[in-house]
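Before any comments, here is the structure.
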Amino acid sequence: MKKFAIICCILSLATGTATAEIVPQIANVQSRQTLSLNGPWNYIIDVQEEGYYDYRMNPTSWGFFRNAKPQRPEDLIEYDFDKAPTMNIPGDWNTQDPRLFFYEGTVWFKRSFDYHQPSGRRTLLYFGAVNYEARVYVNGRAAGYHIGGFTPFNQDVTDLLHDGENTIIVKVDNKRHAEDVPTQIFDWWNYGGITRDVLLISVEPNYVENYKLSLDTTDPVKKNIRQIHFSAKTNKAEAGHTITVNIPELKISRQLTTDSNGTVSATMQAKNLQLWSPDTPKRYCVEVSMGDETITDSIGFRTVEARGKQILLNGKPIFLKGISIHEEKPYGGGRANSTADAHTLLSWAKELGCNFVRLAHYPHNEYAVREAERMGILVWSEIPVYWTIAWTNKKTYQNAEQQLTDMISRDQNRANIIIWSIANETPHSNERDQFLSQLSNHARSLDNTRLISMAMEVTSASNYHNRLNDNMNKYVDVVSFNQYIGWYRDVNDAAKMTWEIPYDKPVIISEFGGGAKYGLHGDKNQRWTEEFQENLYRENCAMIDKIEGLAGTTPWILKDFRSPRRVLNDIQDYYNRKGLFSDNGEKKKAFYVLKDWYTTK
């Protein structure tokens with residue numbers, strides 16, 4: 001947040017204008033008073049960032065964010081948003097303009113709209129996600145800066161708006177850098193653009209910024225009465241504001257008064273509470289009110305814990321029958337960005353027999369998390385600390401921690417999220433251990449009602465014996481690791497493998513699998529055929545069934561997804577082919593192997 005504020009300040013000094021007030025992420029935007037700015041936006045491709053860097057060198061020049069127009073016939077202005085093409089927002093630019101399929105760089109977006117500021121209220125400009133770096137301008141003035149491609153951000157733009165026509169311009173840059181999170185190399189498509197909703201949110205000058213409800217697991221259940229813990233925070237650190245929480249179905253209603261930090265907390269008794277579970281995904285209507293504003297939410301209540309080598313949901317052991325999912329549209333490529341997209345993908349997971357999904361490798365759209373909760377699907381949610389992060393770079397750590405904070409802040413009331421994941425396949429080093437242990441501790445400080453995990457790598461293997469050895473074992477509640485026996489190593493030898501996981505903790509195989517092109521058939525030993533993938537799944541399921549403490553699996557992956565690393569012509573064609581569904585939604589033979597195996601769990 002400091003970097004955000006500093007950049008805005010620099011820009012305001014250069015333009016001689018005030019900037020927007022930087023405000024923390026606002027929760028549950030769906031229940032707020034909003035105006036959608038989704039739809040067609042004009043865009044200009046700026047390969048050399050002329051519209052920004054030319055301005056920085058010469059502040060009197062016509063930087064693109066000014067949306068300048070010629071005032072005289074002789075005026076030279078070498079851009080015009082109104083003559084530029086349009087692109088649907090939310091959406092990625094890679095699949096909407098053929099020129100941008102592989103593009104990594106800057107694209108400017110512009111949207112004009114009529115707006116009339118409600119008297120006595122404030123207006124926040126909200127972005128669900130922009131990949132990767134966003135510089136936001138409202139009516140030619142700096143409104144904010146954000147880095148990170150998968151988390152929401154908002155700023156107070158009340159003083160930048162005026163009655164009538166207003167213009168928002170966003171400079172979006174998805175170039176990869178070594179110090180970013182994720183870093184320069186990753187195995188998914190770097191979809192650029194404003195990929196999630198854009199909203200104007202109208203709020204009172206004092207409003208409920210965030211809130212949390214969860215079961216108190218420290219107090220034993222007595223006479224079918226459970227304790228619900230509630231906390232909330234206002235946007236201003238002021239005492240004396242009244243916040244009311246109502247759960248009508250449970251006959252709960254409490255009025256609380258904020259302390260000097262603008263916070264409230266209370267424990268409330270709930271009788272005959274029905275717990276959320278995959279079989280009965282019960283949610284209660286919750287109303288949080290302050291002044292004339294009421295926020296409504298549908299919230300489920302459940303407990304999750306790791307006890308020995310078991311994961312307990314609501315006090316009972318559960319086997320997590322999972323699958324990994326990328327945030328890509330069900331049919332073809334492109335960033336998924338709607339409830340309909342999420343419903344299709346999650347329905348495929350349900351058809352597979354899943355009660356659990358790993359939303360890899362970054363926080364997915366809030367629509368996906370909420371739809372999974374409604375459908376009774378448990379969730380592993382992850383930040384993109386992926387492979388070779390710049391472990392010793394302080395700004396990289398701050399970036400990762402901020403993304404973790406934003407993920408938890410947005411989704412802390414979703415009953416179906418049971419695991420916060422802090423990393424995937426990170427090479428071992430002391431610097432890495434320090435980085436990740438800090439993230440783990442930070443996650444626990446924000447939320448102690450869920451489990452912490454990460455996708456580790458197997459580092460010791462000899463004579464068909466595999467031993468997991470990772471210093472991060474003491475910082476996680478669930479030991480999870482990726483293994484690709486039968487694909488990247490030991491082809492057709494899965495049946496010979498033994499495993500040793502020397503930790504008294506539950507085990508999740510967070511990835512296994514192999515590639516196949518849908519419709520390509522041949523011998524089970526012929527790579528890329530459906531028969532090869534089918535046999536790989538059959539042998540892996542038999543192998544991992546023998547692992548002591550196995551609490552679940554999330555094979556890689558539900559459907560084929562785009563990746564620039566996958567270049568084999570006529571087979572991959574820039575798709576990772578490890579999906580159980582093709583990129584067009586067709587089931588491969590391995591789908592039925594995993595489905596049958598899950599019926600035994």
Side-chain angles (χ1 to χ4, degrees), residues 7-20 35-94 96-100 103-117 123 125 127 130-131 133-146 155-175 192-194 198-200:
I7 294 292
C8 290
C9 183
I10 292 172
L11 290 174
S12 69
L13 291 173
T15 58
T17 59
T19 64
L35 171 68
S36 173
L37 297 181
N38 294 346
W41 288 50
N42 297 97
Y43 68 99
I44 296 174
I45 305 167
D46 189 7
V47 177
Q48 296 189 5
E49 299 188 297
E50 182 181 13
Y52 180 66
Y53 286 109
D54 183 52
Y55 156 74
R56 292 188 70 191
M57 298 297 293
N58 178 15
T60 62
S61 71
W62 300 112
F64 286 4
F65 67 88
R66 296 181 188 273
N67 194 31
K69 305 295 180 186
Q71 302 301 307
R72 302 170 301 172
E74 63 267 30
D75 285 345
L76 176 62
I77 300 175
E78 296 185 271
Y79 70 95
D80 188 341
F81 277 107
D82 295 331
K83 293 181 180 179
T86 61
M87 181 180 297
N88 287 326
I89 300 299
D92 61 88
W93 65 53
N94 312 77
Q96 296 192 70
D97 185 336
R99 298 173 300 170
L100 297 174
Y103 181 68
E104 294 182 325
T106 287
V107 176
W108 296 80
F109 292 89
K110 174 260 195 184
R111 171 72 189 262
S112 294
F113 58 97
D114 287 329
Y115 190 69
H116 299 280
Q117 180 85 0
T123 301
L125 175 59
F127 292 85
V130 177
N131 191 33
E133 178 187 80
R135 298 180 186 274
V136 183
Y137 305 87
V138 176
N139 294 325
R141 293 180 288 174
Y145 171 78
H146 183 265
Q155 52 268 326
D156 189 326
V157 295
T158 308
D159 299 333
L160 303 184
L161 295 170
H162 48 246
D163 278 354
E165 185 177 80
N166 292 266
T167 298
I168 295 173
I169 291 176
V170 185
K171 177 185 179 294
V172 181
D173 185 352
N174 73 330
K175 288 193 297 293
I194 303 172
V198 184
L199 305 170
L200 288 177

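Numbers for residues simply follow the sequence, beginning at 1.
Residues R99 and W93 fail the side-chain proximity criterion, which asks for heavy atoms closer than 4.5 Å. Side-chain contact between D97 and I45 is present, with at least one heavy-atom pair separated by less than 4.5 Å.
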Exercise. Determine, stepwise, if the pair I89 / R111 fulfils side-chain contact (heavy atoms from CB on, under 4.5 Å).
Key: CA-CA 10 Å; I89 300 299; R111 171 72 189 262; over 6 Å; no
Self-check item: Steps toward side-chain contact (heavy atoms from CB on, under 4.5 Å) verdict (F127, Q155)
Solution: CA-CA 9 Å; F127 292 85; Q155 52 268 326; 3.8 Å; yes
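In terms of modelled atom types and a separation under 3.5 Å, the side chain of Y103 and the main chain of P98 share no donor-acceptor contact. Counting only distance, with no hydrogens or angles, the side chain of N38 and the backbone of V198 share a donor-acceptor pair below 3.5 Å. Judged purely by atom type and a 3.5 angstrom limit, Y137 has no side-chain atom pairing as donor or acceptor with the backbone of K171. For the pair E49 (side chain) and T106 (backbone), a donor-acceptor distance under 3.5 Å is absent.
To the nearest 0.5 Å, atom CG of residue L37 and atom OH of residue Y115 are 9.5 Å apart. Atoms CG and CH2, on N88 and W41 in that order, are 12.5 Å from each other to the nearest 0.5 Å. In this structure, OH in Y79 is found 12.5 Å from CG in N42, a value given to the nearest 0.5 Å. Between I194 atom CD1 and Y43 atom OH the span is 13.0 Å, to the nearest 0.5 Å. Between R141 atom CZ and T167 atom OG1 the span is 12.0 Å, to the nearest 0.5 Å. Annotation: the span from T123 atom OG1 to L199 atom CG amounts to 12.5 Å, rounded to 0.5 Å.
Of all non-hydrogen atoms in Y52 and D46, the two that sit nearest each other are N-OD2, 4.2 Å. Closest heavy-atom contact between L160 and A142: CD1-O, 3.7 Å. Heavy-atom minimum distance, I169 versus F64: CD1-O, 3.5 Å. The shortest heavy-atom contact between A143 and V138 is CB-CG2, 3.8 Å. Minimum heavy-atom separation, P70 to I77: N-CD1, 3.4 Å. Counting all heavy atoms, side chain and backbone alike, A84 lies closest to I44 at CB-CG1, 4.0 Å.
Applying the side chain to side chain contact (heavy atoms under 4.5 Å, CB included) rule to E165 yields the partners S112, D114; only residues at least two apart in sequence or on another chain are considered. With sequence neighbours left out, D163 forms a side chain to side chain contact (heavy atoms under 4.5 Å, CB included) with H116, Q117. Residues meeting the ring-ring contact (aromatic ring centres under 6.0 Å, His included) test with F109, sequence neighbours left out: none. Here N94 pairs with D92, W189, Y191 under the side chain to side chain contact (heavy atoms under 4.5 Å, CB included) rule; sequence neighbours left out. Shown here are the side-chain hydrogen bond (donor to acceptor under 3.5 Å, both in side chains) partners of D80, two or more places apart in sequence or in another chain: K69. For E104, the side-chain hydrogen bond (donor to acceptor under 3.5 Å, both in side chains) partners are R176, N190, not counting sequence neighbours.
With respect to K110, the side-chain contact (heavy atoms from CB on, under 4.5 Å) criterion is satisfied by exactly one of I168, T86, D82: D82.
N139 and N166 share a donor-acceptor pair across their side chains, judged by distance under 3.5 Å alone.
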